[in-house]
Amino acid sequence: MKTEDFPKHIQPHLVPEPSGHLIYRCLGCKSEYGIEKLLYTCSQCGQVLLLHDPEFDRLKKIPGKTWQQIFDYRKMLNIPSLKGIYLFHEFIGPVIPLESVIYLGEGHTPVVESNARLQEMAGCKFYFKNDGQNPSASFKDRGMASALSYIQYLIQQGHVSDVLAICASTGDTSAAAALYASYLQGNVKSAVLLPHGKVTPQQLSQPLGSGASVFEIPGVFDDCMKIVEALSENYNVALLNSKNAWRILGQESYSYEIAQAFEYDMTDKVVVVPIGNAGNITAVINGFLKFFETGIIDTLPKIIGVQSEHANPVYKYYLEPDAEKRHFEPVTVRPSVAQAAMIGNPVSMPRVIHLVEEYNKKAGAQHVFVAEVTEQNIMDCQLTANRNGHVACTHGGECLAGLIQARQKGLVGNHETAILDSTAHALKFSGFQGMYFENNFPEAYEVIPDPGLINTTALILPADLEHVPEPGKPLHGESLSFFIHRISEEIAKLLDLQKV
Ligand SMILES: *Cc1c(COP(=O)(O)O)cnc(C)c1O
Ligand SMILES: [Zn+2]
């Protein structure tokens with residue numbers, strides 16, 4: 001549809017111009033910094049930063065109802081830069097001109113209702129939001145679209161040139177970073193640091209395929225993160241981990257899309273997300289807060305963060321009910337099938353502490369909860385979901401396990417509707433499915449397959465077959481007929497098929 005075909009009161013807002021103002025703000029000492037330079041931590045106190053729009057209140061001048069229409073109508077436009085996370089431009093990056101936006105197909109991922117069987121198992125209605133259907137097959141593309149659009153903006157403004165983008169990763173951050181950086185090839189190069197043997201072959205193939213420099217480091221993610229932090233403090237590199245506040249900003253689109261998918265009615269909604277480095281839950285909380293403050297939604301949904309008991313520092317922190325007595329302790333992680341969340345010292349913890357308090361206050365009651373699940377729960381739930389039409393990754397399984405537990409504990413009632421984040425595509429973690437089906441999980445995972453969920457291939461090779469086809473050597477005549485007859489007979493027997 002063309003601009004002039006839209007309602008008159010929407011037309012001026014349809015295609016956004018750069019507006020507002022963004023600054024980095026320290027969560028600790030409230031120091032503020034301009035965005036002409038890439039910054040990750042406060043030079044005064046060392047705390048992480050968030051991007052803040054000091055002119056945010058201008059957005060409140062437009063009624064919430066009008067915003068809803070702006071976003072809904074904007075979806076009909078055929079402008080690539082508005083097809084992804086920048087559909088919500090005024091909230092995602094109001095200072096970024098559309099010419100700087102990189103769109104590789106991210107965002108607006110499907111929200112898929114689960115079938116009756118699964119809903120009965122969970123004890124309430126629920127959906128998976130398939131963030132594995134992003135271009136690099138995880139939600140990390142949302143944050144990278146934001147971070148790399150910003151870098152492209154800095155390049156176009158002449159603030160930076162020849163950028164080396166660098167990140168530590170449990171697999172998906174590096175896949176997304178390498179993909180988006182490769183689009184800016186010529187101006188941006190990327191390097192990724194991965195814990196040796198702790199990312200799946202699929203995840204490893206992604207940055208290699210995008211042409212990044214890929215370094216494998218002994219240890220776990222937390223070790224890689226320390227090295228990347230040292231590199232970003234001592235060398236001229238652009239850090240793309242979620243310490244980078246632009247990542248968080250882009251990931252807020254997840255909340256906006258959920259609001260839009262449910263007609264902006266967040267009554268009795270529960271948003272369930274896995275927690276690793278805690279960038280995602282930070283973004284999800286912040287996103288809902290912004291839509292709430294501008295009247296685009298009038299209710300804050302419940303948010304449930306889920307951790308594996310093998311990587312549970314955030315869960316442990318919130319075990320203490322008295323906020324005054326809480327004390328954050330990093331944990332030593334153990335092997336986890338929710339491998340992208342296998343993080344013992346989440347970089348965004350200070351952001352989470354700050355935002356959870358604000359969220360609960362604005363909601364008027366505790367609305368953020370953290371659940372802990374076992375590795376066994378995660379695998380069983382992932383496989384069960386996928387046997388019922390989903391493409392959930394292990395973290396999606398973790399969300400389902402968290403929802404079931406939240407229902408059992410009464411944190412979620414049967415009248416509520418949950419939206420579970422399948423943060424990546426099932427295919428990225430098919431190795432864990434393979435270990436389950438072959439019953440060869442290393443002991444440290446503590447996963448024992450449920451025979452009812454195991455599925456393996458069957459080789460059909462009857463002993464009385466003298467000739468079988470091979471590549472370049474097809475069968476003919478009698479031997480072909482016998483081959484077809486015997487193989488189909490065997491399959492019919494195994495499937496218990498009746499003759500017509
Ligand atoms: C990064 C990642 C997570 C964890 O998200 P955080 O922002 O680090 O908490 C969960 N699942 C997948 C698939 C991821 O790639
Ligand atoms: Zn500070």
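All ligand and atom numbering here is 1-based and tracks the order in the structure.
Atoms CG and NZ, on Leu289 and Lys361 in that order, are 11.5 Å from each other to the nearest 0.5 Å.
Under a 3.5 Å cut-off, the side chain of Gln405 and the backbone N or O of Ala371 do not form any donor-acceptor pair. Without hydrogens or angle criteria, Glu416 side chain to Cys124 main chain gives no donor-acceptor distance under 3.5 Å.
Angle SG (Cys29) to the Zn ion (ligand 2) to SG (Cys26): 120°, rounded to 10°.
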* **Criterion ring pair (Phe, Tyr, Trp, His ring centres under 6.0 Å) on Tyr103 and Tyr86, from CA distance to verdict** => CA-CA 9 Å; Tyr103 169 66; Tyr86 286 94; 9.9 Å; no
* Test side chain to side chain donor-acceptor pair (under 3.5 Å) on Gln133 and Asn130 and set out the steps. => CA-CA 6 Å; Gln133 288 178 243; Asn130 287 344; 2.9 Å; yes
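Enumerated by chain and number, the residues approaching ligand 1 to less than 4.0 Å through a heavy atom are Phe139, Lys140, Asp172, Pro274, Ile275, Gly276, Asn277, Ala278, Gly279, Asn280, Ala340, His395, Thr423, Ala424.
Ring orientation note: the planes of Phe91 and Phe56 are nearly perpendicular, at an angle over 60° on the 30°/60° scale.
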